[in-house]
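The structure appears right after this line, and notes come after that.
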Amino acid sequence: MGRIILEQVTKSFGDVNVIPPLDLEIEDGEFVVFVGPSGCGKSTLLRLIAGLEDVSSGQISIDGRAATELPPAKRGLAMVFQSYALYPHMSVRKNISFPLKMAGLDQAEQNKRVEAAAKVLNLTDYLDRRPGQLSGGQRQRVAIGRAIVREPAAFLFDEPLSNLDAALRVNMRLEISELHNSLETTMIYVTHDQVEAMTMADKIVVLRAGHIEQVGTPLDLYRNPRNLFVAGFIGSPKMNFIEGAEAAKHNAATIGIRPEHLSISKSEGQWKGTVGVSEHLGSDTFLHVHAKDLTSEPITVRSDGEVDIHHGDTVFLSPQDDKIHRFDKEGLRIS
Amino acid sequence: MGRIILEQVTKSFGDVNVIPPLDLEIEDGEFVVFVGPSGCGKSTLLRLIAGLEDVSSGQISIDGRAATELPPAKRGLAMVFQSYALYPHMSVRKNISFPLKMAGLDQAEQNKRVEAAAKVLNLTDYLDRRPGQLSGGQRQRVAIGRAIVREPAAFLFDEPLSNLDAALRVNMRLEISELHNSLETTMIYVTHDQVEAMTMADKIVVLRAGHIEQVGTPLDLYRNPRNLFVAGFIGSPKMNFIEGAEAAKHNAATIGIRPEHLSISKSEGQWKGTVGVSEHLGSDTFLHVHAKDLTSEPITVRSDGEVDIHHGDTVFLSPQDDKIHRFDKEGLRIS
Amino acid sequence: MARAVTPARKATVTVFAWGVGLLIFFPILWTILTSFKTEAEAIASPPSFVGFDWTLENYSTVMERSNYFLHFLNSVVISVGSTLIGLLVAIPAAWSMAFVPGKRTKDVLMWMLSTKMLPPVGVLIPIYLIFRDTGLLDTRTGLVIVLTLINLPIIVWMLYTYFKEIPVDILEAARMDGASLRAEIIYVLTPMAVPGIASTLLLNIILAWNEAFWTLNLTAANAAPLTAFIASYSSPEGLFYAKLSAASTMAIAPILIMGWFSQKQLVRGLTFGAVK
Amino acid sequence: ETITIATVNNGDMIRMQGLTDDFTAKNPDIEVEWVTLEENVLRQRVTTDIATKGGQYDVMTIGTYEVPIWGKQGWLVSLNDLPESYDVDDLLPAIRGGLTVDGELYAAPFYGESSMVMYRTDLMEKAGLEMPEAPTWDFIAEAARAMTDKENEVYGICMRGKAGWGENVAFITAMSNSFGARWFDMDWKPQFDQQAWKDTLTFYLDLMKDAGPPGASSNGFNENLALFQTGKCGMWIDATVAASFVTNPEDSEVADKVGFALAPDKGLGKRSNWLWAWSLAIPAGTDNEAAAKKFVEWATSKEYLELVASNEGWANVPPGTRTSLYENPEYKKVPFAEMTLQSINSADPQHPTVDPVPYVGVQFVAIPEFQGLATVIGQQFSAALAGTITADQALRSAQQVATREMTKAGYIK
Amino acid sequence: MATQHSKSAARFMISPAVLLLLGWMLIPLSLTLYFSFLRYNLLMPGTEEWAGFLNYRFFLTDPAFFDAIWNTLLLVGGVLVITIVGGVLLALLLDQPFWGQGIVRILVIAPFFVMPTVSALVWKNMFMNPVNGLFAFLAKAVGLEPFDFLAHAPLSSIILIVAWGWLPFATLILLTALQSLDSEQLEAAEMDGASWLSRFFYIMLPHLSRAITVVILIQTIFLLSVFAEILVTTNGGPGTATTNLTFLVYAQSLLQFDVGAGSAGGVVAIILANIVAIFLMRMIGKNLDA
Ligand SMILES: Nc1ncnc2c1ncn2[C@@H]1O[C@H](COP(=O)(O)OP(=O)(O)OP(=O)(O)O)[C@@H](O)[C@H]1O
Ligand SMILES: Nc1ncnc2c1ncn2[C@@H]1O[C@H](COP(=O)(O)OP(=O)(O)OP(=O)(O)O)[C@@H](O)[C@H]1O
Ligand SMILES: [Mg+2]
Ligand SMILES: [Mg+2]
């Protein structure tokens with residue numbers, strides 16, 4: 001249940017080729033996150049899997065069955081939309097039972113399953129409300145409820161949290177993770193949020209312009225990004241890149257070092273620079289250090305807690321040597 | 001230019017008293033951030049200053065002039081709305097020059113100022129587009145552009161970044177900060193985002209139900225929150241609170257310790273607990289530790305980089321003693 | 001713009017708005033008043049506003065003379081019938097255009113609207129011949145068909161604009177939930193578009209109710225609606241203003257009352273639909 | 001059996017509708033459905049129906065304009081076989097003549113009307129004049145000017161001015177007959193370029209300008225009726241049926257001050273009164289011919305007149321159809337009875353004009369093209385009355401339009 | 001949504017509407033076209049014969065023809081101007097808070113429910129009549145000469161009557177559009193120093209442009225075929241002052257039952273209407289996309 005295979009799938013809208021041939025395997029029970037810049041084709045890919053768009057060529061199979069030609073209703077997948085897409089004219093109960101009604105289940109069975117789902121999602125008290133009377137987080141749970149009652153082969157989430165405020169996002173993130181742990185159903189999740197991708201995924205798929213740049217576990221991508229793009233995309237604040245002489249010293253065209261792997265000191269260190277903007281979060285401080293001889297961009301340094309360094313100070317930075325990433329001229333990792 | 005004083009300002013909507021008497025002084029050139037839970041009156045306060053709402057009682061003065069009775073157009077303030085409120089039927093150029101046109105400036109002067117603003121905001125290439133053809137970040141810059149061409153006494157921002165995606169937010173945040181550095185105009189900024197508040201503000205005003213809970217610099221609030229509310233509100237992930245016996249040991253009703261001020265160890269430490277969910281960000285790991293004898297909520301611990309601790313492990317936590325915050329029965333800080 | 005409105009200002013606006021409202025409504029008010037006058041008073045000069053002998057005579061004459069209820073029933077059947085059938089045909093069409101737009105969608109829509117521009121007098125004879133040969137003359141069915149056809153473009157167009165406002169997501173969600181096309185339209189689209197559909201319905205009932213050319217020319221005794229009822233009171237030899245006023249009042253009363261009750265719906269639907 | 005009857009919404013017809021029970025009592029197997037409509041709508045509908053053989057009606061109410069045209073087409077059932085008791089010969093000869101084509105009676109007259117002068121006896125007296133029984137146009141003009149008192153909203157004369165073939169054209173055509181004008185000569189050549197027409201129109205316009213009410217260019221029968229009833233007209237030349245309205249004290253403020261006279265003449269031997277009869281006809285091919293005939297017979301019979309008289313009084317009997325009615329001593333008491341009869345008798349649809357014409361009809365020309373043509377010409381006349389064009393211009397375009405239409409229709413070769 | 005499944009479903013679902021309208025357009029239209037080339041008078045059956053372009057020649061050279069086109073345009077334009085200007089003003093008024101909003105709204109909407117014949121009769125006889133009408137009464141009351149509307153300003157009077165009937169429709173649509181204007185935009189403009197008038201011209205009016213196009217589109221369709229009001233009040237006169245195309249075709253086809261000429265007129269009217277339509281569509285097409 002829930003193994004999804006894409007073979008040589010392509011998609012064009014008119015003349016625009018959005019997805020070049022793409023292969024992907026998603027194992028049963030996996031939590032896969034798609035990330036990539038805006039417009040790279042994440043949603044399109046999800047919609048191809050869902051059957052909401054036709055593939056231009058290639059094959060999709062779900063659980064070993066060819067699904068390329070199946071209409072969405074027949075694929076046995078459930079989707080949670082960014083906007084939740086709840087039925088505004090139905091009560092929460094009706095919303096959740098809608099897929100069951102469509103499947104022709106009898107009323108008693110419908111009720112049983114709805115109650116069960118509501119319990120899991122803490123929605124029991126809200127079953128008779130309309131979506132318009134719910135808070136954002138509750139709505140999201142209804143959307144998930146509608147998806148889980150059916151016991152689908154897989155869940156598809158398209159940026160489900162992007163409409164929520166920061167506090168709710170954190171909560172919902174935890175809830176979805178727990179849901180995955182308890183249901184053990186395949187989940188495909190699109191997000192542009194670093195933290196979500198890193199904390200939720202079993203496997204992250206990094207996309208750029210419809211291409212898969214790298215597939216791997218979050219920490220794998222964090223530690224061993226295959227190329228400059230992935231290195232820059234994964235991690236926040238983003239990795240600092242240094243080219244030229246300093247990179248050559250490491251036998252690379254470019255080297256990368258994450259802000260959290262740089263230590264800063266007023267007295268001594270490898271690279272010298274001047275402090276530009278510094279951002280004090282209390283828990284951390286992000287310092288933007290201008291080191292003109294290394295790179296034109298400021299180098300971001302993260303240091304814990306509060307540091308006694310100010311705008312204009314001259315400082316020295318020292319990278320942790322084993323955390324330096326090296327890339328060749330084509331931007332590929334050298335390991 | 002830009003000194004704003006509120007004296008005994010109140011605001012009620014019908015029966016609902018949204019702002020109880022409130023005093024606040026904002027110095028010229030300051031960057032003040034209003035934070036507080038949703039519905040606490042942040043926007044209302046901003047709109048009172050802008051003149052978009054009438055005060056129910058009290059006085060507002062701007063630059064020493066009584067402004068309480070002035071219509072918005074006469075107060076010399078500029079506002080950037082959460083929704084940007086761009087004029088959809090006008091080009092970017094027209095949008096930005098609108099206030100100048102209203103002020104009756106001649107065409108040449110208008111153009112000069114628009115070009116200058118566009119340059120600062122990197123909008124020169126987009127001047128002839130309509131807002132509908134711009135990305136979120138560009139729109140926001142147009143909204144700011146419309147505000148800065150006028151050289152107002154102060155800028156008012158109502159959650160200007162909340163519509164943007166994470167990456168853009170970071171950029172825009174820096175841009176606004178830089179703008180403030182270069183213009184040195186008073187800015188009042190409403191946000192519910194921790195990072196924005198901490199990194200941008202000269203002074204943060206924490207509001208709860210129309211009351212000012214505390215006013216101070218970001219680090220001041222981080223280090224010396226005046227009460228439980230401020231302590232819980234400032235900082236992310238939020239401070240852990242412990243009551244009961246453990247708190248009593250410190251002569252307090254409640255003690256608080258931030259996740260970043262706890263160290264974790266498998267072998268020894270002050271408090272014992274079991275690891276629940278752990279979230280790996282690569283750069284950090286957030287561990288949720290259940291310590292039943294201390295508190296029913298899980299205690300959040302932040303540790304740098306990756307740690308070799310897993311779900312279910314028994315661990316020990318040690319707070320940094322000097323970072324423990326103590327609160328009395330009323331929730332007020334004991335110092 | 002939640003600044004307090006001063007009572008003085010509100011009072012001024014109130015007086016002004018009522019003045020304008022009454023001015024616009026005045027012809028109708030006058031008609032209603034006239035319907036309670038005698039024929040002689042109706043043309044009296046100077047005209048009297050309320051200081052006349054109120055009489056129900058005109059109403060009783062009108063009720064005696066013609067079968068108001070038959071006409072009324074015909075009007076209801078014809079306007080409601082044609083609107084409902086119109087909706088039945090238009091909803092799927094509007095669905096197609098709003099949710100599966102093609103290159104030609106706009107053209108099709110515009111073409112549909114342009115069929116509305118056919119001047120009825122130009123095609124009366126052909127239609128009359130067709131109706132004669134199909135036995136549709138003076139039948140409600142015939143009128144329902146004609147009115148459905150002439151109002152269909154407007155219905156399609158209004159629904160299209162309403163549907164455009166419905167997020168596609170929700171229909172896609174229904175599809176993911178296993179709904180067939182039919183289920184999608186019946187359970188999801190239609191209920192969501194209720195305000196829009198309701199105002200389309202109302203607007204078209206009004207248009208059909210007032211349609212006078214076809215309803216007059218294609219009916220005789222059995223299917224004649226209220227427009228024919230009115231036509232039997234306008235300008236005979238002899239004075240008729242009071243009786244006409246009574247008849248008019250009776251003809252517009254049902255639709256006015258319906259309009260009254262559905263005013264909110266009408267306003268809301270139109271906001272939601274015709275204008276973004 | 002159900003018969004559907006299309007009628008015009010005039011008072012007499014409405015009354016007939018109210019008396020239907022008498023008919024159904026006598027003919028229990030026949031049911032009657034009424035379609036009552038305003039004149040223009042009615043004409044349009046029955047014409048469409050009969051011309052396309054729609055078969056929606058069994059009895060149609062039509063006027064003297066339609067009967068000759070439709071009769072010639074064979075669209076109507078001949079009524080020559082009405083029973084003896086019906087007494088066809090009792091019908092007024094002028095009326096009967098207008099409904100007969102080639103010896104076949106194609107419609108039974110329900111009521112007939114001509115036009116006459118109605119005047120205010122009090123105002124006439126005040127002006128120091130006395131109305132002769134058969135006035136001339138010159139007297140009328142003099143009297144009208146004398147009676148006019150615009151300050152007090154009294155206008156000496158009210159005449160039709162609203163554009164329309166049944167409105168101003170009917171009136172002016174009847175008037176032109178007395179001035180010696182005609183629509184067409186024997187070769188169907190329009191005659192609007194002749195002096196007689198110019199005299200007619202100039203006379204009409206001058207008189208209306210001096211002594212007519214404002215807004216006359218949109219006044220038809222009803223507008224003038226309202227004016228007269230509210231005491232604003234000194235004289236009103238219009239249909240004889242108006243007499244019963246203006247003398248009805250319930251509706252009319254001047255009921256007891258009205259006198260009647262024949263329509264004026266110009267000394268050329270023709271008076272300016274028209275002739276019209278609303279008549280019942282049966283379309284050929286109806287399924288219910290027998291029942292329809294029974295109805296027509298009932299509605300236009302002597303017994304019907306008595307029925308109305310016994311129910312509503314003699315003044316409300318449909319006038320202008322039967323000689324016997326005017327011989328009835330009861331009816332003779334009605335003030336306008338005599339004048340109506342005289343008016344009707346003085347009209348001759350077969351020979352309406354001073355000079356010979358190829359057409360039938362006093363205030364119309366019984367050819368199909370007349371309605372459209374006359375509507376356009378009526379618009380010109382009303383424009384002249386409104387003062388937007390001169391009489392000459394109006395006649396010139398009338399001539400032009402008429403020539404065009406007649407050429408197109410093939411009358412002028 | 002653009003899958004093969006949904007595309008074919010769409011084609012299937014739109015077809016009833018398209019087929020019906022196609023039938024409605026093609027059958028009478030082709031008959032009309034055919035008749036327009038015949039010498040065909042209903043009152044003279046049996047004389048139908050091929051007439052070539054005779055009917056067209058006569059219709060197009062009718063002296064009233066150009067007047068009719070001009071009147072049609074004036075009528076449509078005049079009513080549009082009145083209803084849109086009036087509608088905007090009314091919408092602004094009704095958008096203000098005041099007591100009895102609901103009732104006033106109904107009062108304003110009510111004329112829309114009145115049948116054209118009735119409204120024409122009422123206006124003509126009870127208001128515009130220069131002797132008995134209410135306007136005349138008012139004029140006399142203030143010592144003025146009553147104005148003879150239908151004789152001296154016939155087209156304007158008809159425009160007034162028609163506009164009265166359509167004003168509610170425009171008001172309704174514009175009012176609802178106004179209510180959908182984001183209040184923050186107005187506030188932003190206020191912060192930018194815009195006066196009320198500037199806000200109206202620079203913010204509200206552009207916002208209403210889409211609604212205005214909607215009003216123009218729907219009303220034009222109905223206004224092109226205004227007929228009852230003319231028939232009842234002036235019969236197309238005085239002269240040709242109030243003859244519009246529809247009335248001209250009516251005079252041709254229904255007064256003298258000349259089906260040939262009427263059909264030719266109908267065809268001409270259809271062509272002209274479609275020229276107007278194309279012009280409108282151009283304009284609307286842009287505005288509707290938003
Ligand atoms: N119906 C369509 N017609 C044409 N182009 C389309 C269509 N839908 C999407 N695209 C294009 O395909 C590309 C991929 O779009 P998609 O929505 O999959 O991006 P995404 O990765 O989900 O971006 P985001 O993070 O902004 O949601 C974009 O360049 C978009 O413009
Ligand atoms: N026009 C109004 N009428 C009545 N109550 C209002 C009105 N505007 C705001 N309120 C109430 O005033 C309180 C403060 O609202 P305000 O918009 O200032 O909150 P906020 O702090 O900006 O919240 P958020 O973070 O959600 O934007 C809320 O409880 C709100 O319900
Ligand atoms: Mg997307
Ligand atoms: Mg707010």
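Sequence lines set the chain letters: A, B, ... in the order given, protein chains first and strands last, and positions in each chain run from 1.
Within the structure, ring pair (Phe, Tyr, Trp, His ring centres under 6.0 Å) contacts touching residues 26-45 of chain B (residues at least two apart or in different chains) are B:Phe31-B:His180, B:Phe31-B:Tyr189.
Residues of residues 96-126 of chain B lying under 4.5 angstrom from chain E, judged on non-hydrogen atoms, are B:Phe98, B:Pro99, B:Lys101, B:Met102 by number.
A salt bridge is absent between B:Arg3 and B:Glu30; no separation between the charged side-chain nitrogens and carboxylate oxygens falls under 4.0 Å. Checked for salt-bridge contact, B:Glu53 and B:Arg47 meet the test: a charged N lies under 4.0 Å from a carboxylate O.
For the residue pair B:Tyr87/E:Asp192, the side-chain donor-acceptor check at 3.5 Å is satisfied. Checking B:Thr10 against B:Ser57 by side-chain atom types alone, a donor-acceptor pair falls below 3.5 Å. At a cut-off of 3.5 Å, with distance as the only test, a side-chain donor of E:Thr83 or E:Gln219 sits close to an acceptor on the other residue.
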